[in-house]
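Take a look at the structure set out below.
Hydrogens, waters and symmetry mates play no part in the numbers below; they use all other heavy atoms, side chains included. Residue numbers count from 1 along this sequence.
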Amino acid sequence: MTTSRTDTVPAVPAEASATEPAGRPFVQQPLLRRLLHGQSVGAWLHEVARFCTVGGMAFVVDVGLFNLVRFGPGELLGEWPLVAKVLSVSVSVLVAWLGNRRWTFARTRRRERRRELALFVGVNLGGMAIAVGCLAVSHYVLGLTSPLADNIAANGVGLVLGTAFRYVCYRYLVFTGGGDADRR
């Protein structure tokens, strides 16, 4: 009597393929617990507060530089709002990199700095594309070209959407080391 391979292997429930080491189905865990990645809510709130502080400093650099080169003395980039935004975001990314790597996500930064930096830059290009896209739609599609409209589009709507995108990506893609990274 021969039995087929399927007869000897017990059927595995569909939800068993999505289980954690403890055997509890992953899909049944509360969303917040999955998002915390083992942190307490207090530790996560502390991380978010640090992220917001670093982001606040980067925001000041971003908005200040954008307005300086767009509307400041000499209006260096007065006719090129998108170039002004790319420049201001690029400088603010350096501020964010230093603050997030050394303070916000210091315990989870990667040992491989080059890979982490490449991911960080990639995420920030995505965040910048969101802000520049909001500015482009407002300025060129909707025809809202005043300084206030440019600031609301780029530094209001674009910044909020870009910041949410960055936090999620930093936490789950960029700063995912085991905390044993060197402290340089």
Should Leu87 and Met57 be regarded as members of a common hydrophobic cluster, given that ILVMFWY residues are connected when their side-chain heavy atoms come within less than 4.5 Å of each other, either directly or indirectly? yes
For Trp103, does the CH2 atom have more than 12 heavy-atom neighbours from other residues, nucleotides or ligands under 6.0 Å away? yes
Indicate yes or no: at least one non-hydrogen side-chain atom of Leu125 is less than 4.5 angstrom from one of Met128. yes
Does Val121 share a hydrophobic cluster with Val132, counting links as ILVMFWY side-chain heavy atoms below 4.5 Å and allowing steps through other members? yes
Do you reckon Val86 sits in the same ILVMFWY cluster as Phe165, going by side-chain contacts under 4.5 Å, direct or chained? yes
Is any side-chain heavy atom of Trp97 less than 4.5 Å from a side-chain heavy atom of Asn124? no
Can you tell me how far apart CG (Leu68) and CD (Glu75) are? Round to the nearest 0.5 Å. 11.0 Å
For Thr104 and Glu47 the tightest heavy-atom approach is CG2-O, 3.6 Å
To the nearest 0.5 Å, what is the distance between CZ on Phe105 and OG1 on Thr176? 11.0 Å
Test item: Ser138 side-chain N/O and Cys134 main-chain N/O as donor-acceptor pair under 3.5 Å: no
With a 4.5 Å cut-off on side-chain heavy atoms, are Arg171 and Thr108 touching? no
Nearest 0.5 angstrom please: Thr163 OG1 to Tyr170 OH, how far? 8.5 Å
What are the two closest heavy atoms between Arg166 and Val89, and how far apart are they? NH2-CG1, 4.0 Å
So if you build clusters from Ile, Leu, Val, Met, Phe, Trp, Tyr with side-chain heavy-atom gaps below 4.5 Å, do Val168 and Val54 land together? no
Would you mind reporting whether Leu119 and Phe175 have side-chain heavy atoms less than 4.5 Å apart? no
Same cluster or not: Val41 versus Phe51, using hydrophobic residues (I, L, V, M, F, W, Y) connected whenever any side-chain heavy atoms lie under 4.5 Å apart? yes
Search all heavy atoms of Ala154 against all heavy atoms of Leu135 and return the closest pair with its distance. CB-CB, 4.0 Å
Could you measure the distance from the CZ atom of Phe66 to the CG atom of Leu77? Nearest 0.5 Å is fine. 9.5 Å
Minimal heavy-atom distance between Asp150 and Pro81, with the atoms involved, is OD2-CB, 4.3 Å
Side chains of Asn100 and Tyr167: do they bring a donor and an acceptor to under 3.5 Å? no
So do Tyr140 and Leu82 actually touch side chain to side chain, heavy atoms under 4.5 Å? yes
For the residue pair Ala84 and Val69, what are the closest heavy atoms and their distance? CB-CG2, 3.7 Å
Ser88 and Leu65: which non-hydrogen atoms are nearest, and at how many Å? CA-CD2, 3.8 Å
Distance in Å, Asn151 CG paired with Asn67 CG, rounded so as to fall on 0.5 Å steps: 4.5 Å
